[in-house]
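Please read the structure below before turning to the comments.
Because the structure is a prediction, the values reported are computed rather than measured.
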Amino acid sequence: MLFSSPLLNAWTVTMLDPTATVSGSRCNDSKYTVFRSYLTEAGSSLTAGSLASYTVGSADAVIVNVAGLSTHYSSVELAVLSSLLNSNTRVLIFGENNSWTSSNGDLATLLGGVNGNRDGNAIQTVANVYPLITEGVSSIEFLAPGVILPGASGLSLSDDNSLTLWGNNDNFLLLMDINFLDNDGISRRADNDTIAKNIANWLSGAITPVPEPSSYALVMGMAGLGALAIRRRRK
């Protein structure tokens with residue numbers, strides 16, 4: 001199935017901070033201007049808030065900034081993440097390399113995956129298993145990613161499991177490298193730029209299925225029958 005990016009009405013993407021975050025490495029910060037521009041170009045209005053106080057459903061999509069080094073998510077934050085995981089809200093959440101054992105472990109437990117407890121490969125092959133995100137991308141380059149193995153619950157989008165998709169509604173995207181979507185990370189490789197745009201469009205709801213040619217034929221046939229019926233009624 002092919003995909004396109006039609007013009008949409010603006011909707012809201014909220015960037016949420018855990019209690020402790022990494023200064024300068026949040027999508028709110030100056031290093032992420034390129035990715036934020038992709039979000040706004042896709043029709044999103046950006047807001048910011050706290051993960052612990054977020055009400056699920058109050059934004060169309062959310063970005064969860066990385067937790068602080070050696071910091072666990074609070075029980076309230078984990079409850080919000082669990083609600084997001086089981087919702088229709090599209091979520092981009094950041095993990096990090098093996099130094100973030102506390103929050104990475106929390107995410108693995110929440111998702112039903114396995115913390116790899118190691119750093120991932122810098123260059124990872126991307127399989128086109130979820131075209132809304134992976135279309136047009138063959139490999140991506142990270143700076144220093146972590147690894148969470150999907151087990152039976154998640155879908156691997158990159159071969160060393162630094163980019164995975166979770167949730168019954170395929171709505172929870174886990175990116176194990178806070179630098180991947182910063183300005184330098186996007187410019188590091190052409191495919192990085194492509195997948196950054198795909199993620200921005202996915203978060204913004206700006207990619208919708210386009211019918212295959214056979215579907216077009218069916219639609220046109222039905223339209224033709226409708227037009228014929230109208231002409232007959234007018235005679």
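Put simply, the side chain of Trp166 never gets that close to the backbone of Leu174: no donor and acceptor are under 3.5 Å apart. At distances below 3.5 Å, at least one donor-acceptor pair connects side-chain atoms of Asp182 with backbone N or O atoms of Asp184. For Thr194 (side chain) and Val137 (main-chain N/O), no donor-acceptor pair under 3.5 Å exists by modelled atom type. With Arg90 contributing its side chain and Ser204 its backbone, the two residues share no donor-acceptor pair below 3.5 Å. Side chain of Asn192 to main chain of Ser187: no donor-acceptor pair is present (N/O by atom type, distance under 3.5 Å, no hydrogens or angles). A donor-acceptor pair under 3.5 Å is formed between the side chain of Asp191 and the backbone N or O of Ser138. Looking only at distances, no side-chain donor or acceptor of Thr21 sits under 3.5 Å from a matching main-chain atom of Pro18. Formation of a donor-acceptor pair under 3.5 Å by the Asn171 side chain with backbone atoms of Leu84 is found in this model. When atom types are taken as modelled, the side chain of Asp119 and the backbone of Ala144 share no donor-acceptor pair closer than 3.5 angstrom. The backbone N or O of Asn121 lies less than 3.5 Å from a partner atom in the side chain of Asp160, making a donor-acceptor pair.
Of all heavy-atom pairs spanning Ser37 and Val34, the tightest one is OG-O, 2.5 Å. Annotation for Tyr73 and Asp106: closest pair N-OD2, 2.9 Å, computed over non-hydrogen atoms. Pairing each heavy atom of Leu181 with each of Ala196, the nearest pair is CD2-CB, 3.6 Å. Residues Lys31 and Gly24 come closest through the heavy atom pair CE-O, 2.8 Å. The minimum heavy-atom distance linking Leu78 with Leu110 is given by the pair O-CD1, 4.2 Å. What you find for Ser25 and Ile178 is that their closest heavy atoms are CB-CD1, 3.5 Å.
Inspection of the Asp177 and Ser162 side chains reveals no N or O donor paired with an N or O acceptor under 3.5 Å. If you check the side chains of Ser103 and Glu96, you find no donor sitting under 3.5 Å from an acceptor. Checking Ser70 against Ser102 by side-chain atom types alone, no donor-acceptor pair falls below 3.5 Å. With no hydrogens or angles considered, a side-chain donor-acceptor pair links Tyr38 and Asp193 at under 3.5 Å.
Within a 6.0 Å radius of CG in Asn169, other residues, nucleotides and ligands contribute more than 12 heavy atoms.
Leu92 and Val129 end up in the same hydrophobic cluster when Ile, Leu, Val, Met, Phe, Trp and Tyr side chains are linked at under 4.5 Å. Placement of Ile195 and Leu165 within a single hydrophobic cluster is found when ILVMFWY residues are connected by side-chain heavy-atom separations under 4.5 Å, directly or transitively. One hydrophobic cluster, built from ILVMFWY side chains closer than 4.5 Å, cannot hold both Leu85 and Val114; they sit in different ones. Follow the hydrophobic side-chain contacts under 4.5 Å out from Leu175 and you reach Ile186 in the same cluster.
Between Trp202 atom CH2 and Ile133 atom CD1 the span is 5.0 Å, to the nearest 0.5 Å. Expressed to the nearest 0.5 Å, how far CG of Asn161 lies from CG of Asp159 amounts to 8.0 Å. In this structure, CD1 in Ile63 is found 13.0 Å from CG in Leu51, a value given to the nearest 0.5 Å. Atom CZ of residue Arg118 and atom CG of residue Asn98 lie 9.5 Å apart, to the nearest 0.5 angstrom. Between Thr71 atom OG1 and Glu77 atom CD the span is 9.5 Å, to the nearest 0.5 Å. Glu135 CD to Asn198 CG: the interatomic distance, rounded to the nearest 0.5 Å, is 7.5 Å.
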Side chain to side chain contact (heavy atoms under 4.5 Å, CB included) between Ser45 and Trp11, intermediate numbers included
CA-CA 6 Å; Ser45 174; Trp11 73 9; over 6 Å; no

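Residues Asn65 and Asn28 meet the side-chain proximity criterion, which asks for heavy atoms closer than 4.5 Å.
Relative ring orientation between Phe180 and Phe142 is described as tilted, the plane-to-plane angle lying within the 30° to 60° band.
Between Ile140 and the options Thr134, Leu163, Leu157, Thr125, a side-chain contact (heavy atoms from CB on, under 4.5 Å) holds for only Leu163. Applying the side-chain contact (heavy atoms from CB on, under 4.5 Å) test between Tyr54 and each of Leu16, Asp17, Val64 identifies Leu16 as the sole match.
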